[in-house]
Amino acid sequence: MSADLLLHRIPEAVRTAAEAAGFRDGELLFSVRSDLDLQGGGAEVWTIVSPTLIASFVVSGESAGAVIGPHAFAQVEKVRARQKVGSSFLTLRIDGLYIEIARYSNTRREYFGRVAIFLQRRIEGKTLPDSYLEKPSELICPVCRLPLPGRGAGCPRCLRGRGIFVRTLGLMRAYWMSIIALLAMMLAGVGLDLIPPLLTRTLVDRVIQPRTHLDWLPIILLGLVGASAGRALLNIFIGRTSSIIGTRITRDLRERLQKKLLSLAVDYYNRNSVGSLMSRVLYDVDYFQSFVQQVAQGFLLNLMLVFGIGAMLFYMNWQLALLVLLPIPFVVIGTTFFWRNIYPRHYRVWDSQSKTAQLLSGLLSGIRLVKAFGQEQREEQRFSNAASYLQRSRRNLETSVATFNPIMGFIFGLGGLIIWWAGGKRVMEPNGITLGTLMAFFGYMGMFYGPVSALSMFSNWVTGFLSGGQRVFEVLDAQVGVTDRIEPARLPAPRGRIEFRNVTFGYDPYSPVLNNVSLTIEPGQFIGIVGKSGSGKTTLVNLLCRFYDVQEGQVLLDGVDVREIAQEDVHRSVGLVLQEPFLFRATIAENIAYGRPDASPEAIIAAARAANAHVFISRRPAGYDTRLGESGAGLSGGERQRISIARALLCDPRVLILDEATSSVDTESEQEIQRALARACKGRTTIAIAHRLSTLKNSDHIYVVDDGKITESGSHEALMELNGTYAKLVRIQTELTRLEV
Amino acid sequence: MNEAVNTSPAAPLFDDERLANLGIRWLIPAETAIFEGSFSLLHCQVQGDTLYRGVFAVLLFPVSHPNHLISLRYQDAKDKEQEIGVIRDLSQFQPDAQKLVRDNLRKHYYELTITRVFSVRHEFNLLFFDVETKTAGRREFVMPWRSDRTEDYGQNGKVLLDALDNRYLIPDVTALPANDRRVFTRFIYW
Ligand SMILES: Nc1ncnc2c1ncn2[C@@H]1O[C@H](COP(=O)(O)OP(=O)(O)O)[C@@H](O)[C@H]1O
Ligand SMILES: [Mg+2]
């Protein structure tokens, strides 16, 4: 970064031009380098800032030599970093017009953002220290320049990040005893596998061919039976143990995933589709079971087999053993080539599965919309496309597997023929091998190629496992976004004083939605918030509930920064009723008692009464035991809202937030709810966001939000007196009500 | 049966053309002057309206209609973004006006178009790309291996967002050379 920012110095590359424009080394604030010219071509451009002047000089690129500016600071009204798509501009407002002074790619966005704030503060008469500009990046590791997994997170390279494999082995640590037992059983199993061909050799060479030792026959047979019975027994135990470990690990992982999903900030769900998250919890976790199986019955076992059998072959006859190795290069090359081509097909199967799941979950949750717009046919078509994509990708995968296996079988068969030919000759030769040895060779060979080809598939299996593991760890590693302090402040029973202090916040940190908002709400006040849709009302609520954290300023509850308070306490003391009430598939009573499952029926009725829901609930045949369908099907919009108000009231929160909570009930019930709420809300801090201004008339204080700022505030009367936006809105609405009547 | 009833379908209440005229101001060449004014900023004057200074253009359908439906906007006195109107078909304007709007659009959008994918390496859960771009030559960039770092672009295209949110566009993945495609879809398979 140092090379991109020079304090008090003109960069040599533009010295002549800069001096000609009136810049002098000693009188400079700083020079900062960007990577684009204004037209978006790659270029080296220096923006030089002195206390009086600002200008940019293009060093290289198509517009080399061009100078932008200089502009006198005295004329500049504002400095802004303007985010466009993929790049940004540093702009100056002069005479009401924004003039571009420099353009930069998103790589440089972080420190140009600081430059803009630094200059803006200067215009406002505040001077930030030089160290503000020199702060190390929060996005890139200062040591190795690797991008960090999150703002200010540790660097995976410098912290010796653990790979997916090591982490998976870490997951298995809890089962180390079973795993050691597993390994011991495998070793014993390999030993048992090696016995039968040896017994066959003895049988042929000592009993059958010379026709002697007939009494050995039953003993040898018994040995063979014993070996295969032992093997079968071991297989049973190995299979059971690995399945116990595998299913445990996958269950652990599923639970951890679900827990993690619950802890992730709301923001995460804006970025990731429900379908893809579901397929991770449901399917990707299974890769970890296959990992355990690979360890137990795959990789290690095959490795031991290859070495054990190889050693036996060479021990019996090294010349023949070399011949056995002959087809191996073909097997390895064939398998490697095959899997290199097959693995992408695995990905595609995963992709098609996840897309189908996404489509289906979207379709089923929007089923009423589909029917209302009569789009069943199109949805059928879309699903049929997805289903045939799934079919194609599976067929693609399976046909290649179906082609590959017989070909490999053929190659193995060729290996056998070589041994028949060479080994057969050896048996006939005077000093050659015995028939029994040849038989044993065939025995071992039959067990040899399988593990070899399995081993050649291993690296590709690894790729598949890595991608599945990656998708699981991606969720587990996701930045929670909103976290508790190590020792959070406890605030079990706050009084409900709320303060926003110079809050600036944007869902995208580079384009703020709230700008320097300050407001104070005293305990027990009834506050109204009004403003156009999209003005930032819900965003205020999101910050208060700590679904997101502010970028600048503070949100305080009872004088304590909400970031310091245990989230549990914040959520318990703030009750939230949303415009879109969400009801679970359960009874009405269970839905009302969601936040307090232990609530008594009396309390549930009281809460329902307060929310003006008691009457319509009790008219239902099953009363409070009425089962609701998916997301509250069977109730009207207003009824759903009233149930969600009851749900919030039952938790007896200190602070109650109604975010357009009464917007879908008619005026009359709204007034009833208001009256009920007024009773229920006595002593509670209540924040009501509403479109219908009549509902806010009796508020202690009303804030008008416009474009992320508070533009007016005061009581209803004071605001009417002010004759601003609020008064205008009230007049319009009164007109409308008159029209309705 | 009741044959007196007229069974021919009711005429549509409005067709797309009438719908289009409800509420959007279409900027047509006859009524709209687009020119370069003070500080070389884009200016726009619509008949019977004030002069707008510091105008910028935004594509409303950047993927599906990159040459049509261009919104002209400005920043009002309170720094709020406002729309002047929408150009349906830029090619109907004078060549110099077209050029001004196109140049302005180039300022709004910045993404590098990838023509070749030489290699993709995976480490630390990051993908290290080595690619050829159309305008900026050979480039290397680093992208977290996460599905939310890519955006779909039309039928077969993808936009990759690197770790610092720079945008790299592959307009059609199936049009990449076969080997590049294999390298690419090995990691970006969704
Ligand atoms: N999750 C989100 N991600 C990005 N932008 C958002 C998100 N939620 C809201 N916004 C934007 O923030 C602004 C304020 O939204 P909001 O606070 O919901 O307005 P309202 O006053 O209608 O409640 C809007 O411009 C909206 O587009
Ligand atoms: Mg809202």
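In what follows, every chain begins at residue 1, and chains take the letters A, B, ... in the order their sequences are listed. The figures here come from the full heavy-atom set of this structure, side chains too, leaving out hydrogens, waters and symmetry mates.
- For the side chain to side chain contact (heavy atoms under 4.5 Å, CB included) test with B/Gln75, the passing option among A/Arg93, A/Arg80, A/Arg82 is A/Arg82; the others fail.
- With a 6.0 Å radius and a threshold of 12 heavy atoms from other residues, nucleotides or ligands, B/Gln155 has its CD atom at or below the threshold.
- Distance check, rounded to the nearest 0.5 Å: CG of B/Leu41 to CD of A/Glu100 gives 6.5 Å.
- Among the candidates A/Ser87, A/Ser352, A/Ser88, the residue making the largest number of heavy-atom pairs closer than 4.5 Å to chain B is A/Ser87.
- Heavy atoms closer than 4.5 Å to chain A are found in both the backbone and the side chain of B/Thr185.
- Of the possible donor and acceptor atoms, none in the side chain of B/Asp165 sits under 3.5 Å from a partner among the backbone N and O of A/Asn106.
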Inset, instruction - Decide yes or no on side-chain contact (heavy atoms from CB on, under 4.5 Å) for A/Lys84 and B/Val58, but give the supporting numbers first. - result: CA-CA 10 Å; A/Lys84 302 274 180 176; B/Val58 169; over 6 Å; no

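- For a residue to count as touching a neighbouring chain, one of its non-hydrogen atoms must lie under 4.5 Å from one of that chain's; by this rule A/Asp37 does not touch chain B.
- Within 6.0 Å of atom CD in B/Glu31, more than 12 heavy atoms from other residues, nucleotides or ligands are found, so the atom counts as buried in its surroundings.
- Only the side chain of B/Phe56 comes within contact range of chain A, with heavy atoms under 4.5 Å apart.
- By the 4.5 Å heavy-atom criterion applied to side chains, B/Asn166 and A/Arg109 are not counted as neighbours.
- Here the closest heavy-atom approach between residue A/Leu97 and residue B/Ser38 is recorded as CD1-OG, 4.0 Å.
- The closest side-chain heavy-atom distance from A/Ile94 to B/Phe39 is below 4.5 Å.
- Heavy-atom neighbours of B/Glu151 CD from other residues, nucleotides or ligands within 6.0 Å: above the threshold of 12.
- Contact of B/Phe128 with chain A is made through the side chain alone, with heavy-atom distances under 4.5 Å.
- Atom CZ of B/Arg102 has more than 12 heavy atoms from other residues, nucleotides or ligands within 6.0 Å.
- Heavy atoms of A/Arg108 lying under 4.5 Å from chain B are absent altogether.
- Remark: A/Tyr283 OH is loosely packed, at most 12 non-hydrogen atoms of other residues, nucleotides or ligands lying under 6.0 Å away.
- When heavy atoms are compared at a cutoff of 4.5 Å, B/Ala77 approaches chain A solely by way of its backbone atoms N, CA, C and O.
- Side-chain atoms of A/Leu36 and B/Tyr110, non-hydrogen and from C-beta on, do get closer than 4.5 Å to each other.
- Counting heavy-atom pairs closer than 4.5 Å to chain A, the top-ranked of the candidates B/Arg182, B/Lys107, B/Arg53 is B/Lys107.
- Taking the side chain as every heavy atom from C-beta outward, B/Asp103 and A/Gln39 never approach each other to under 4.5 Å.
- Residues B/Leu164 and A/Pro147 have side chains not in contact (no heavy-atom distance under 4.5 Å, counting atoms from C-beta outward).
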